[in-house]
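Written below as structure tokens is the structure these notes are about.
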Amino acid sequence: MAFCTMGTGSKVVHIILGLYFSLEIGCINASRFKFSNFVCDSADTNWILVHTCRLKAIRRDRTTLSFNGTVQKVVSNLRVHAQIFKRGNGFKPWLYNITFDGCRFLRKPYEAPVILVFKLFKKHSNFNFTCPFLGPVYVTGFHLIGEQIPVPLPSGEYLILIKWYTGKLLIISTGIYFSFEENFS
Ligand SMILES: *[C@@H]1O[C@H](CO)[C@@H](O)[C@H](O)[C@H]1NC(C)=O
Ligand SMILES: *[C@@H]1O[C@H](CO)[C@@H](O)[C@H](O)[C@H]1NC(C)=O
Ligand SMILES: *[C@@H]1O[C@H](CO)[C@@H](O)[C@H](O)[C@H]1NC(C)=O
């Protein structure tokens with residue numbers, strides 16, 4: 001009998017029964033995800049006002065992420081540059097460096113990695129509009145547990161840096177820092 005401490009902080013026993021002809025009892029993929037920092041930088045206040053950009057600790061091992069802003073000018077062209085960094089000796093570019101058309105994405109999601117991330121937070125946001133858009137944009141109380149991470153991810157500290165442009169103009173830069181521990185027990 002194996003007891004595993006899961007990312008949720010509670011003791012959970014995973015019991016896997018009767019796989020084929022065997023009986024197996026054990027831990028599966030216990031992992032831990034935690035936001036560690038959230039920064040919103042270089043906001044061009046002609047375009048966006050940022051009211052909230054913060055993490056909130058709701059438990060020792062769990063933080064939620066919230067963003068609330070007001071888009072002040074009509075955005076009909078949105079270019080999004082997202083890049084992932086993994087901490088080694090400083091943060092180094094890791095795996096993904098994607099630029100995509102945000103307006104096209106809002107119309108019809110494309111780019112598999114972006115779709116995966118969008119699915120994780122969509123229900124915590126008001127990102128259900130299409131271009132042109134103006135007004136409130138928010139993500140409220142977004143949190144994840146390790147088991148929701150849809151791809152294999154090595155343990156480590158990460159930064160997802162997202163830069164939002166209209167034309168060549170940078171509207172805002174957002175940095176989401178998180179740590180992930182796989183096979184945590
Ligand atoms: C966002 O901030 C504005 C201005 O402070 C406020 O009126 C609005 O209720 C906030 N929205 C959310 C979802 O928190
Ligand atoms: C990531 O992509 C941006 C824009 O396409 C480019 O300027 C930058 O050099 C790229 N960075 C890396 C590490 O490939
Ligand atoms: C978008 O989401 C917000 C917040 O959940 C909701 O109030 C609004 O009705 C939705 N709009 C559309 C077009 O689905």
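Read the numbers this way: they start at 1 and go in the same order the structure lists the ligands and their atoms. These numbers come from a predicted model, not from an experiment.
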Per-atom contacts of ligand 2 with Pro93, taking only distances under 4.0 Å to non-hydrogen atoms: 13 (C)
Check: Tyr138 main-chain N/O paired with Asn126 side-chain donor or acceptor under 3.5 Å: yes
Option with minimal heavy-atom separation from atom 8 (C) of ligand 2, where the choices are Leu161, Asn97, Ile98: Asn97
Exercise check, heavy-atom protein proximity under 4.0 Å to atom 2 (O) of ligand 2: yes
hydrophobic_cluster_shared for Phe133 and Leu49, side chain cutoff 4.5 Å: no
Shortest protein contact, atom 5 (O) of ligand 2 (heavy atom only): Thr99 OG1, 3.9 Å
Identity and distance of the protein heavy atom lying nearest atom 4 (C) of ligand 2: His81 NE2, 3.9 Å
Geometric class of the Phe121/Phe127 ring pair [parallel <30°, tilted 30-60°, perpendicular >60°]: perpendicular
Nearest-contact summary for atom 13 (C) of ligand 2 - protein heavy atom, Å: Gln83 NE2, 3.5 Å
Centroid-centroid distance, Phe33 to Phe178, less than 6.0 Å: yes
Cluster check Ile58, Leu120: I/L/V/M/F/W/Y, side chain < 4.5 angstrom: no
Protein contact of atom 9 (O) of ligand 1 - nearest heavy atom, named by residue and atom, plus distance: Asn68 ND2, 4.8 Å
Test of ring centre spacing under 6.0 Å for Phe142 and Phe67: no
